[in-house]
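Scroll down for the structure; my scribbles are underneath it.
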Amino acid sequence: MKETAIKRETIDQFNINIEEISGLRILHSNSPEETYLLGRQLGEKCRSGQVYTLTGDLGVGKTLFTQGFAAGLGISEPVSSPTFTILQVYDSGRLPFYHFDVYRIGDVEEMEEIGWEDCVYGQGVCIVEWAELIEEILPEHRIRILIEKDLKQGFDYRRITLEEL
């Protein structure tokens with residue numbers, strides 16, 4: 001989904017419910033547009049050196065959320081999940097953006113080969129999809145994002161939980 005697919009008039013009409021529970025922020029998205037918007041808002045507020053880990057089942061909207069995040073950084077080029085390349089670097093936004101998809105990582109040592117530490121401890125911002133697969137090398141301080149479906153709430157409903165570690 002491209003940012004232009006979401007009209008400004010529509011954004012202002014969204015009624016996104018946010019809960020704060022024991023240090024967790026729980027966001028309730030009722031459409032793909034809201035999921036994208038939440039990612040975009042986070043991208044607009046992120047700072048250099050931050051790492052976001054993104055977990056959730058296949059098809060919950062991790063890449064859509066990341067596309068919104070990239071738009072919030074001012075990245076206008078297409079953003080897709082780097083499932084086979086593991087890492088995609090975007091330099092056209094206000095900060096370098098490192099988008100990892102580690103679904104196909106067989107061993108965490110592979111991460112060293114693609115410049116993991118340079119990205120994670122550099123001046124940009126990182127999103128790591130399927131982060132639970134490389135838990136042992138994740139930085140201690142990060143923002144964990146979990147995206148979950150709940151079909152009782154509707155087909156497009158997503159519960160997005162943010163936790164700062």
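Both backbone and side-chain heavy atoms feed into the values below; hydrogens, waters and symmetry mates do not. Keep in mind the model is a prediction, meaning the values are calculated, not measured.
- Dense packing is recorded around CD of E148, with more than 12 heavy atoms of other residues, nucleotides or ligands lying under 6.0 Å away.
- In terms of heavy atoms, G43 sits closest to L73 at O-CD2, 3.8 Å.
- Using cut-offs of 30° and 60° on the angle between ring planes, the pair Y103 and W130 is tilted.
- The line from NZ of K149 to CG of L58 is 9.0 Å long, rounded to the nearest 0.5 Å.
- Residues C46 and R94 approach most closely at O-NH2, 2.8 Å, considering heavy atoms.
- The nearest pair of heavy atoms linking T35 to G61 is CG2-O, 4.1 Å.
- Summarising the local packing, CD of Q123 is surrounded by 12 or fewer heavy atoms from other residues, nucleotides or ligands at distances under 6.0 Å.
- Remark: D57 CG is loosely packed, at most 12 non-hydrogen atoms of other residues, nucleotides or ligands lying under 6.0 Å away.
- Between the side chains of D101 and S81, at least one donor N or O lies within less than 3.5 Å of an accepting N or O.
- R144 and E163 are joined by a salt bridge, as a carboxylate oxygen and a charged side-chain nitrogen come within less than 4.0 angstrom of each other.
- Atom CZ of F65 and atom CZ of R40 lie 12.5 Å apart (nearest 0.5 Å).
- Between the side chains of Q153 and H28, no donor-acceptor pair of N or O atoms lies under 3.5 Å.
- The two atoms that bring V51 and P139 nearest to each other are CG2-CG, 3.9 Å, heavy atoms only.
- Listed here is the closest heavy atom pair of L64 and Y36: O-CD1, 3.8 Å.
- Taking the six-membered ring for Trp, Y98 and Y90 have ring centres at least 6.0 Å apart.
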Check residues 110-120 and write down every donor-acceptor pair under 3.5 Å in which the side-chain atom is one partner and the other belongs to a residue at least two apart or another chain.
unit_1 : atom_1 : unit_2 : atom_2 : d
E110   : OE2    : G106   : N      : 3.0
E110   : OE2    : D107   : N      : 3.1
W116   : NE1    : I137   : O      : 3.4

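- The shortest non-hydrogen separation linking H99 to V79 is ND1-CG1, 4.1 Å.
- Separating the CG atom in L24 from the CD1 atom in I26 is a distance of 5.5 Å, to the nearest 0.5 Å.
- Using a cutoff of 4.0 Å between basic side-chain nitrogens and carboxylate oxygens, E135 and R142 are scored as salt-bridged.
- If you take CD1 on I145 and CG on L54, they are separated by 5.5 Å, rounding to the nearest 0.5 Å.
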Verdict with reasoning, L165 to E140, per side chain to side chain contact (heavy atoms under 4.5 Å, CB included): CA-CA 7 Å; L165 303 176; E140 182 179 331; over 6 Å; no

